[in-house]
2 protein chains.
Amino acid sequence: MSHPVREFEELAASFEERFQKDRHPAEPEQLYKAAQHLLLLKGKRVRPVLCLMATELFTPVSDDTYNAAAAIEVFHNFTLVHDDIMDRAPIRRGEPTVHEVYGSSTAILAGDVMLVQAYEYLAKINKNILPRVMGIFNDVALKVCEGQQYDMEFESREDVTLEEYVKMIELKTSVLLAAALRIGSVLGGAGPHNQDILYSFGRNMGIAFQIQDDYLDAFGDQRKFGKKQGGDIVVNKKTFLHIRALSVLEGDQKAEYLRLMAEEGEQKINPVIALYKESGVDQWAKDLKEKYFNAAMANLEEVAVVSARKKPLKHLAEFLLERQM
Amino acid sequence: MSHPVREFEELAASFEERFQKDRHPAEPEQLYKAAQHLLLLKGKRVRPVLCLMATELFTPVSDDTYNAAAAIEVFHNFTLVHDDIMDRAPIRRGEPTVHEVYGSSTAILAGDVMLVQAYEYLAKINKNILPRVMGIFNDVALKVCEGQQYDMEFESREDVTLEEYVKMIELKTSVLLAAALRIGSVLGGAGPHNQDILYSFGRNMGIAFQIQDDYLDAFGDQRKFGKKQGGDIVVNKKTFLHIRALSVLEGDQKAEYLRLMAEEGEQKINPVIALYKESGVDQWAKDLKEKYFNAAMANLEEVAVVSARKKPLKHLAEFLLERQM
């Protein structure tokens, strides 16, 4: 092994240190404060760390990977700022959303600024590899916008199939994880096969994560995960559970489910969860998550480097996906 | 002269032909239709042509300049889509705005898609010059967002100075013209002095154009310019005329002006125009435009190429700025 590979915490700390140094105040103050709002609240930094890990599979990380990782993190936060406007979401990371604090107009502009700032990070990458990295980045950026558009369109449709729903989730959330890994691997000098297989790993992991997220909202231990149980049910969010319930419930149960979903308020949480259980939606979700998790693990297995180097990615996937459900 | 230089119409047609070829349908349909809405309505294509002209000052245009020009045009249209949401503007280029047709959420996303598409064009540029072009592009992209933020902040302030107002206009509209010229010159192989002086030319021309735009809204011949006279006055828009009127009107006239501006409706157009004339705001605006126009012409004079090559830029500036006021 020519260089050490690092685990999540160490890479996240290393990313954070370099990332914060780049922040500086600018005028107009409201605009740049709005553009930093979410970034300062931090997140788990999963995407930038995936990018760093993908490079470390092959070579030590350089400034190029840190810059790509920063671009991906800023892009991700940009999508949250604009999505929260569209979804009229009041809270994100436990704090009021950007548009709640600064107003919708400044929030739109702040998102625009963040998207440009993502490209500012990319522009620092070695010019010999920059067009390739930009190609991957631009491609995924469009896909994420497409995913959000489908998500909004699905809100007013009751005939969304599981296949359509998986495709939407893939676009809206999975491909950015996948692209973080692909870009990291490109910057690590990986060949096309390793790039593709890491992309699949990220895609499968992302879908598994979303299924888990939907599952935990209904069936998770509220004390353990800090999220209020049934939040998705109260706001009639389309989830994996909802799509499945619509396709398996029949007769009176289906009528009851539709009646409940048309209701407002928290009193419907328990009856909806009961219907999910009666129709086996909970076990179905567990199995589906397992399927995608196993596919991700099989992808990782296939990456052509010695298995010791893959441990940080394996641990991260297990941490994100196995302990909780 | 090693290659022919072309005038506006020929370059605009050449740009249009290549630009339209790139358009193709994609899913989700609503999103990509929204992202093409303004581009299909066309505009004058002033910015891409400036970019092409700047290259032709020095060398024949190549695909790199066409791609940079396309990036600039798509970026410009992206800013219009998002600005129209913020300004709640119902009409643009004689048609309903993107958010009117597709809704605000899809319009936000469509703008995001357009910004990414601008970078898709940039990514095609020769990698040896790409980082430099991206640096100029990212810088101006942030400045345009800053300008829009100042514009919105000025709406609720009555103490905006002329200096602040010029700076806002510079950021919101001039620097993109300036950057189009700078990028074109960089791709033409121009040295730093020529790059800088062309940037100044664009900046001065942009400010002169905005002063003219404000002037014509109040004093232009409605039949000749197809715009309704006094439109800015009706919506209480901050303009060069308004900023000047506030600083020169005194006593009863100032009180009368403030009272009129607080009114709603078209009946105030004529009395406001009368106050502008009584206080010499009209002549002041003519003189100020002339000052910036002359500065732009002096800049162009200074560009170190034979004057025959500068004719298309000179004609374009005259066409945009001299005939009308």
Side-chain angles (χ1 to χ4, degrees), chain A residues 26-32 34-35 75 78-79 82-83 85-88 102-135 137-150 152-153 168 171, chain B residues 26-32 34-35 75 78-79 82-83 85-88 102-135 137-150 152-153 168 171:
Chain A
E27 293 281 334
E29 198 187 352
Q30 289 297 99
L31 177 60
Y32 284 102
F75 174 83
F78 140 74
T79 65
H82 278 188
D83 285 2
I85 300 170
M86 300 176 217
D87 302 342
R88 301 179 203 284
Y102 297 93
S104 288
S105 292
T106 296
I108 292 172
L109 268 182
D112 297 343
V113 161
M114 293 165 82
L115 182 48
V116 174
Q117 287 174 331
Y119 284 100
E120 285 193 311
Y121 282 112
L122 287 187
K124 296 179 187 172
I125 292 173
N126 186 308
K127 67 183 180 186
N128 289 311
I129 199 78
L130 175 59
R132 169 80 179 126
V133 172
M134 269 186 86
F137 190 91
N138 290 335
D139 178 65
V140 75
L142 292 181
K143 285 194 163 89
V144 173
C145 293
E146 292 167 13
Q148 170 68 5
Q149 176 71 18
Y150 282 121
M152 295 189 303
E153 290 180 4
M168 182 276 283
L171 291 168
Chain B
E27 294 279 335
E29 199 188 351
Q30 288 297 98
L31 176 60
Y32 284 102
F75 175 82
F78 140 74
T79 66
H82 278 188
D83 285 3
I85 301 170
M86 299 175 217
D87 303 341
R88 300 179 205 283
Y102 298 93
S104 288
S105 293
T106 296
I108 293 173
L109 268 182
D112 297 344
V113 161
M114 293 165 82
L115 183 48
V116 174
Q117 287 174 331
Y119 284 99
E120 286 193 310
Y121 282 112
L122 288 186
K124 296 177 187 173
I125 292 173
N126 185 307
K127 68 183 181 188
N128 289 311
I129 198 78
L130 176 58
R132 169 81 180 124
V133 172
M134 270 187 85
F137 190 92
N138 291 334
D139 178 64
V140 74
L142 292 181
K143 285 193 163 87
V144 173
C145 293
E146 292 167 12
Q148 171 68 5
Q149 176 72 18
Y150 282 123
M152 295 190 302
E153 291 180 3
M168 181 276 282
L171 291 168

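Here is the naming used below: chain letters follow the sequence lines, and residue numbers restart at 1 for every chain.
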- Write down the atom of A/Ala141, the atom of B/Val116, and the distance for their closest heavy-atom approach. CB-CG2, 3.7 Å

- Task: For each of A/Ser105, A/Gly111, A/Ala110, A/Ser104, tally heavy-atom pairs with chain B at distances under 4.5 Å, and name the one with the top tally.
- Result: A/Ser105

- Task: Under 4.5 Å, counting heavy-atom pairs only, tell me which of A/Thr79, A/Val144, A/Asn128, A/Leu122 racks up the most with chain B.
- Result: A/Asn128

- Item | Derivation of the side chain to side chain donor-acceptor pair (under 3.5 Å) call for B/Gln149 and A/Thr106 | CA-CA 7 Å; B/Gln149 176 72 18; A/Thr106 296; 3.2 Å; yes

- Check whether A/Phe78 gets within reach of chain B through its side chain, its backbone, both or neither, counting any heavy atom under 4.5 Å. side chain

- Item | Side-chain heavy-atom pair A/Glu153, A/Met168 within 4.5 angstrom cut-off | no

- Side chain to side chain, A/Ile108 and A/His82, heavy atoms closer than 4.5 Å: yes

- Query: Side chain, backbone, both or neither: which part of A/Asp83 has a heavy atom under 4.5 Å from chain B?
  - Reply: neither

- Heavy-atom distances under 4.5 Å only: say whether A/Leu115 touches chain B with side chain, backbone, both or neither. side chain

- Task: Check step by step if side-chain contact (heavy atoms from CB on, under 4.5 Å) holds for B/Glu27 and B/Tyr32.
- Result: CA-CA 7 Å; B/Glu27 294 279 335; B/Tyr32 284 102; 5.9 Å; no

- Message: Please classify the contact between B/Leu171 and chain A as side chain, backbone, both or neither, with a heavy-atom cut-off of under 4.5 Å.
- Response: neither

- Query: Can you say whether A/Ile125 sits under 4.5 Å from chain B via the side chain, the backbone, both, or neither, judging by heavy atoms?
  - Reply: neither

- Task: State yes or no: are the ring centers of A/Phe137 and B/Tyr119 separated by less than 6.0 Å?
- Result: no

